[in-house]
Chemist: 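Dumping the structure here so I can ask a few things about it.
For this chain, numbers begin at 1 and follow the sequence in order. Only heavy atoms go into these numbers, but all of them, side chains included; no hydrogens, no water, no symmetry mates.
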Amino acid sequence: MRTRDKLINIRVTSDEWAALERKAKKCGLSLSAYLRKTGLNQNIKTAPSSYLYEAYQAIRNMNNSQLNGVADLILKAYHDGENNEWQ
């Protein structure tokens, strides 16, 4: 296992910190992991929407009376994904 023993300090504004924290959270990463991946040009993807997980669970347990609810969840997940940004 690699030991991360070097520290990098940077100064950011409150707005910059909030934006970085928000982007890291959308990707399911800590701020440190997000900054490392960004700085090393590694691929960063947003974490799947919780609505997609709900849709998946609904489909797994589906019967005909649940079709309308599943369609609504999938549509909501689709629209939620349109606004995902990562950098």
Chemist: Which heavy atom of A24 sits nearest a heavy atom of S30, and at what distance?
Modeler: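 Between these two residues, the closest heavy atoms are CB-O, 3.8 Å.
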
Chemist: Applying a strict under-4.5 Å side-chain criterion to I, L, V, M, F, W and Y, I'd like to know whether L40 and I8 cluster together.
Modeler: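 Unlinked, L40 and I8 end up in two clusters.
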
Chemist: Hey, could you give me the NZ/CD1 distance between K23 and I44, rounded to the nearest 0.5 Å?
Modeler: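 Output value for this atom pair is 10.0 Å.
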
Chemist: Taking all heavy atoms of L20 and all of Y34, pick out the closest pair and write down the distance.
Modeler: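 Scanning both residues completely, I find the closest heavy atoms to be CD2-CE2, 4.1 Å.
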
Chemist: Could you check R36 against Q42 for side chain to side chain contact (heavy atoms under 4.5 Å, CB included), going step by step and ending with a plain yes or no?
Modeler: CA-CA 8 Å; R36 265 193 309 276; Q42 295 177 348; over 6 Å; no

Chemist: For residues V12 and L35: do they belong to one hydrophobic cluster (side chain heavy atoms under 4.5 Å, members Ile, Leu, Val, Met, Phe, Trp, Tyr)?
Modeler: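 Yes; L35 is reachable from V12 via cluster members.
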
Chemist: Under the 3.5 angstrom rule, does the side chain of E21 hit a backbone N or O of A18 as a donor-acceptor pair?
Modeler: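 Flag not set: sc E21 to bb A18 has no pair under 3.5 Å.
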
